[in-house]
Amino acid sequence: MGRDVHALYLLVTSACRARGSTAVRDAISALVTTAITAAIDAGELPLEQVPDPAVERPRDPSHGDWATSVAMRSAKSAGMNPRQIAEVIASHLSEDADIAAVEIAGPGFINLRLSPMALQRVLKEASEADRAFGRVDIGHGRRVQVEFVSANPVGPMHVGHGRWAALGDAMARVLEHAGWKVEREFYVNDAGVQMDIFGASVSARYLELCGAEVEFADEWYQGAYITEIAREIFEAESTCWFDAAPHEREQYFREKAYVQVLEHLKRVLHGMGVDFDVWFSERTLHASAPGGGPSAVEDGIAALRDAGYIFELDGATWFRSTDFGDDKDRVLVKADGEYTYFAADIAYHKNKFDRGFDRVINIWGADHHGYVARMKAACAALGHEGKLDVVIGQLVNLFRNGEAVRMSKRTGEMVTFEELLDEVGADAARYWFLRRSTDQQVDFDIELARQQSADNPVFYVQYAHARICSIMRKAAGEAVSSTAVDADSLAVEVVRPTADLSLLDAPAELALMRRLGEFTEVVEAAARDLAPNKLTRYAEDLATGFHQFYTRCRVVSDDVELTAARLYAVDAARRALRCVLALLGVSAPESM
RNA sequence: GCGCCGUUAGCUCAGCUGGAUAGAGUAUCUGACUACGAAUCAGAAGGUCGCAGGUUCGAAUCCUGCACGGCGCACCA
C-alpha cells in the first residue's frame, strides 16, 4: 500500500507543478501530503487514496498563513471525525524551519503559520527580482495573441472602447508576467458597407460646405466629427470635388477620413499607454493572393469545405456550425454573392492560427456575446478547438450629472473616450475600468469621477509609492519633496543589501511581508482567470499594508541596524508596488 | 419565446476550484499630526448575500424554478 500511496503522492505534486502553482504553495502542499502519506503508512488513517491537500489562504489572517480542509473532506471515506483526522495528520507533519506553528481549529481545519524567517525571505525576493517580482511560469513561453478594441474606423473611440483597451492591455501585461509570449492586435474593420456609409456621410457634409442642399439619409453618421473631417478636406481642397462623380468622391473621402480616424485611434491609445504590435486590416483578407490566387476569405471557406462543414442552400453557402454546438448554421456567402462579416472573421482567425499562436484571446463587448458560439465553432472546425478564449466585457454606461449619455456613433450627443481621458486622466480612467470584474457593467459618471478623484483608490496606491520614495529621500538627506534624484538611485545609496532582516518581527512588519508574499499567487490567478481586477484589489491591499506599517514603525531613526532593515523592507515594498502598477499600466509617481 | 451577464452594508463593489464569525472603499459617528508626506492611521455602526426549493459534514458559491435590470437572438457589420 505504501508504494501506491507514494506513486499517488508524486502524481499529486507533479499535477501541482503542471498547474504552475507557486513555490510556497507547492512546498506547503508537499509537506501536508507527506504527512498524510505517513499517517496512512502508519495505519492511523484508513484511506485508499491520498487526497489533494488543496492548501489555501485562510480568509481570516488570524487563522494563520495557510490552511487545509483535507480532514473534513476525508471524513466520510476514512470513517473518522474530521478533528480526529486533523490530529493524526498534524502529528505526522515534520519539523520545518519555515513553519512556526500548526493548529487545529474549527470543524477540522489544519492551520499553518509561517516563521518570521520564511516571511522575511520575501523581502529579498522582491528586492532582487525588482520588476520581475511575482513572475510565474504558467505560459511556458507559449504564444498568445490578445485582440482587443478593434473598433470600426468610422468614428472616435467611445468610452466602451476605453474599457476594452484598459482590459486587453492589462491582460497582455499579466500574461507576459505569467510566462506567455504575448502579441497585442487591433483588427481594423476597414471593409464592408459601414465604410461606404462613412464615406458617403463625409461626402454629404462636404457638399453642404460647398453650399449645396443635401437631404441627409437616415443611415448616415451624424456626429459632429463627420462635419469636422469634411471641413478639413474642404479647407485643403476647396470645391474641387464638388462636380466629381458621387462614387469617386465618396470613395476618396472615405479613404481620407479612414486615415484620420486611424490616426485618432492610435494617438488616443498611445496616450493611455496602449500600443499594439499589429494593426490588422480586414481588407487584406478580401484581397486576391499575389498572382491572382484566392483571397484569404475564399481560402477559409475552402478549408471548411475540405473538412466537410460547408453546404449550399437557397443560393447561399453555409457553415454547419451546429456540429460544434452553435444554435443554428450560419451563412458565409449570401445569395447575392457577397461574403458575410462572419466569413471574413473565419479567415481572420484562420490567419491567426496560421501565424502559429498557441492561444487566441478576443475581448468583445457584451453586445457581441451572441457571436461567441459560432466563432468557437469555426475555430474548432479549422482544427483549433479550445484555443480561442472570448472575454465578454459588459458595457459602460456613461453618465454626466446623473443623466445617461448615449454612446451611439450615429447620434449627435456623444462623449468620446479622448474627452474622458482629458477630464479624469489616463491613470484614473484605466484603474477605474480595471477595478471592476469584466462581467460587471460600469456606470461611469464623469462629474462624479472628477469630483471623487481625490478619493480615487488609484491615488491611494500611488500615494503609498510616493510616500516610500519620500522616506528614502529623507534617509538620503534629500529634501522630502525633491525630485532631483530618482528612487532607484536613492536605493543604491541608502539600502544596504546585507541589512539584518531578522530584526523585522513587529506585527505590522510581518503583515507587510505576508502581503508581499501573496503577489505571485495573485499574478497567477489574474493570468489564469484573465481578471485584472484581482490586481487592483491586491494593489490596494499592499498599499494598506504599507500605510499601516508606516503608522506603526518609524523607519529612519537613531537605531542604525533597525533603520537599515526597515529601509530594505520599504524599498522592497516600493518595487512591488511599482510592479503591480506596471501590470495595470498605471504610473508609479515618486512624488505627487 | 430562447440565450448570456448582473442582483451581496445607505452607495460603489470584492468574495479564488463549495469551507471557519460574508469583506473592502465610500458615506455617517468617534479618536490620532512638536517625528520619515494626515491624499494617512485607529475605532464604532451598518447584512433575511433578489425570492423559493434542492444537493451535503458545510452553500453568497453548485442544481432547479421564479422575480427584476442590462445585452443579444440576420443571407447586418
Side-chain angles (χ1 to χ4, degrees), chain A residues 19 52 54 56-60 62-63 67-69 72-73 75-76 81-82 105-109 111 152 154 189 191-195 197 282 313-318 327-328 330-342 344-345 365-373 392-395 397 435-443 448 452-457 459-464 466-475 480-481 521-522 524-526 528-529 531 533-534 536-537 540-541 543-544 546-557 563 566-567 570 591-592:
Chain A
R19 274 208 311 266
D52 184 351
E56 59 189 16
R57 297 279 192 178
R59 196 169 300 163
D60 184 344
S62 72
H63 291 142
T68 171
S69 60
M72 278 122 72
R73 283 181 283 114
K76 184 173 274 184
N81 83 54
F109 286 98
N111 294 335
N152 293 337
V154 295
N189 295 128
V193 294
Q194 89 277 356
M195 285 296 285
I197 295 171
E282 182 187 350
L313 184 71
D314 298 335
T317 301
W318 298 69
D327 294 334
K328 51 171 292 193
R330 307 291 172 176
V331 170
L332 301 184
V333 188
K334 296 185 264 181
D336 65 4
E338 291 288 316
Y339 294 107
T340 60
Y341 179 86
F342 184 42
D345 230 350
D367 52 341
H368 288 89
H369 77 261
Y371 204 72
V372 175
I392 295 299
Q394 293 297 313
L395 301 175
N397 301 311
R435 203 158 177 259
R436 286 156 177 75
S437 63
T438 54
D439 43 25
Q440 187 84 27
Q441 287 187 25
V442 175
D443 288 342
L448 216 59
Q452 288 184 345
S453 65
D455 297 322
N456 193 310
F459 292 110
Y460 178 81
V461 178
Q462 289 179 319
Y463 178 62
R467 218 177 190 188
I468 293 173
C469 295
S470 177
I471 295 172
M472 293 172 65
R473 286 190 288 269
K474 168 81 175 181
V480 161
S481 58
E521 295 154 50
V522 173
E524 184 187 341
R528 183 195 59 216
D529 301 338
N533 66 307
K534 291 180 193 291
T536 58
R537 194 146 290 273
E540 288 162 43
D541 288 342
T544 297
F546 165 72
H547 286 309
Q548 290 173 337
F549 159 83
Y550 175 90
T551 305
R552 292 168 179 74
C553 302
R554 169 89 192 169
V555 177
V556 182
S557 71
T563 297
R566 285 183 172 166
L567 278 172
V570 144
S591 67
M592 296 172 69

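For clarity, every value in this text was computed on a predicted model and none was experimentally measured. First the proteins, then the strands, lettered A, B, ... as listed; each starts at 1.
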With the side chain of S591(A) defined as its heavy atoms from C-beta on, choose the nearest nucleotide among G37(B), C57(B), C36(B).
->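 So the side chain of S591(A) is nearest to G37(B).
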
Taking only the [atom1] atom of each, what is the distance from [N] to [M] in whole angstrom?
N	M	atom1	value
C51(B)	U7(B)	P	13 Å
A60(B)	G50(B)	C1'	12 Å
U61(B)	C5(B)	P	16 Å
U28(B)	C11(B)	P	15 Å
G18(B)	C49(B)	C1'	15 Å
G46(B)	G10(B)	P	11 Å
C63(B)	C4(B)	P	11 Å
A20(B)	G15(B)	P	16 Å

Are any of the side-chain heavy atoms of V555(A) and F549(A) separated by less than 4.5 Å?
->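 Heavy-atom side-chain distance check passes, below 4.5 Å.
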
Distance in angstrom units between [X] [atom1] and [N] [atom2], rounded:
X	N	atom1	atom2	answer
D52(A)	G18(B)	CG	C1'	15 Å
N81(A)	G58(B)	CG	P	15 Å
R528(A)	U17(B)	CZ	P	7 Å
D541(A)	A24(B)	CG	P	10 Å
I468(A)	C36(B)	CD1	C1'	12 Å
R57(A)	U17(B)	CZ	C1'	17 Å
R59(A)	A14(B)	CZ	P	15 Å

Under 4.0 Å, heavy atoms only, any strand: does [X] hit a base, just the sugar-phosphate, or nothing?
X	result
C469(A)	nothing
A67(A)	base
A464(A)	nothing

Chi-angle category of C33(B) [syn within 90° of 0, anti beyond] =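 In terms of base orientation relative to the sugar, C33(B) is syn.
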
Y371(A) and F342(A) aromatic ring geometry - parallel, tilted or perpendicular at 30°/60° bounds |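 Perpendicular, since the angle between the ring planes exceeds 60°.
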
Are there any protein N/O atoms within less than 3.5 Å of an N/O atom in nucleotides 39-44 of chain B, and if so, which ones and at what distance?
residue : atom : partner : partner atom : Å
U40(B)  : O2'  : R467(A) : NH1          : 3.0
C41(B)  : OP1  : Y460(A) : OH           : 2.5
C41(B)  : O4'  : T551(A) : OG1          : 3.3
A42(B)  : OP1  : Q548(A) : NE2          : 2.6

Who are the side chain to side chain donor-acceptor pair (under 3.5 Å) partners of R435(A), not counting sequence neighbours?
->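 Scan of R435(A) (side chain to side chain donor-acceptor pair (under 3.5 Å), adjacent residues dropped) gives E540(A).
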
Go through the steps to decide whether N533(A) and R436(A) satisfy the test side-chain contact (heavy atoms from CB on, under 4.5 Å), and finish with yes or no.
-> CA-CA 6 Å; N533(A) 66 307; R436(A) 286 156 177 75; 6.0 Å; no

Over all atoms of both residues, closest heavy-atom pair of [X] and [Y]:
X	Y	value
L313(A)	W318(A)	O-NE1, 3.1 Å
A316(A)	A335(A)	CB-N, 4.1 Å
T563(A)	V556(A)	CG2-CA, 4.0 Å

Which residues pass the ring pair (Phe, Tyr, Trp, His ring centres under 6.0 Å) test with H63(A), sequence neighbours left out?
->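 Result, ring pair (Phe, Tyr, Trp, His ring centres under 6.0 Å) vs H63(A): none returned.
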
Every protein N/O lying under 3.5 Å from an N/O of nucleotides 74-77 of chain B:
residue : atom : partner : partner atom : Å
C75(B)  : O2   : A335(A) : N            : 2.6
C75(B)  : N4   : D314(A) : O            : 3.2
C76(B)  : OP2  : K334(A) : NZ           : 2.3
A77(B)  : OP1  : K334(A) : NZ           : 3.4
A77(B)  : OP2  : Y341(A) : N            : 3.2
A77(B)  : O3'  : Q194(A) : OE1          : 2.6
A77(B)  : O2'  : Q194(A) : OE1          : 2.8

On RNA chain B, nearest-nucleotide positions of A54(A) versus R554(A): which is more 5'?
->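 Counting from the 5' end, the first nearest nucleotide belongs to A54(A).
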
Residue whose closest nucleotide on RNA chain B lies nearer the 5' end, S470(A) versus N111(A) =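 It is N111(A) whose nearest nucleotide is closer to the 5' end.
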
When you check every protein heavy atom under 4.0 Å of nucleotides 3-13 of chain B, what one-letter string (B, S, -) results, 5' to 3'?
-> BBSS-----SS

Given that both pair distances must be under 3.5 Å and the pair must be Watson-Crick or G-U, what runs of three or more consecutive pairs involve RNA chain B?
->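 For RNA chain B the paired stretches long enough to count as stems (3 pairs minimum) are B:1-7 with B:67-73, B:10-13 with B:23-26, B:28-32 with B:40-44, B:50-54 with B:62-66.
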
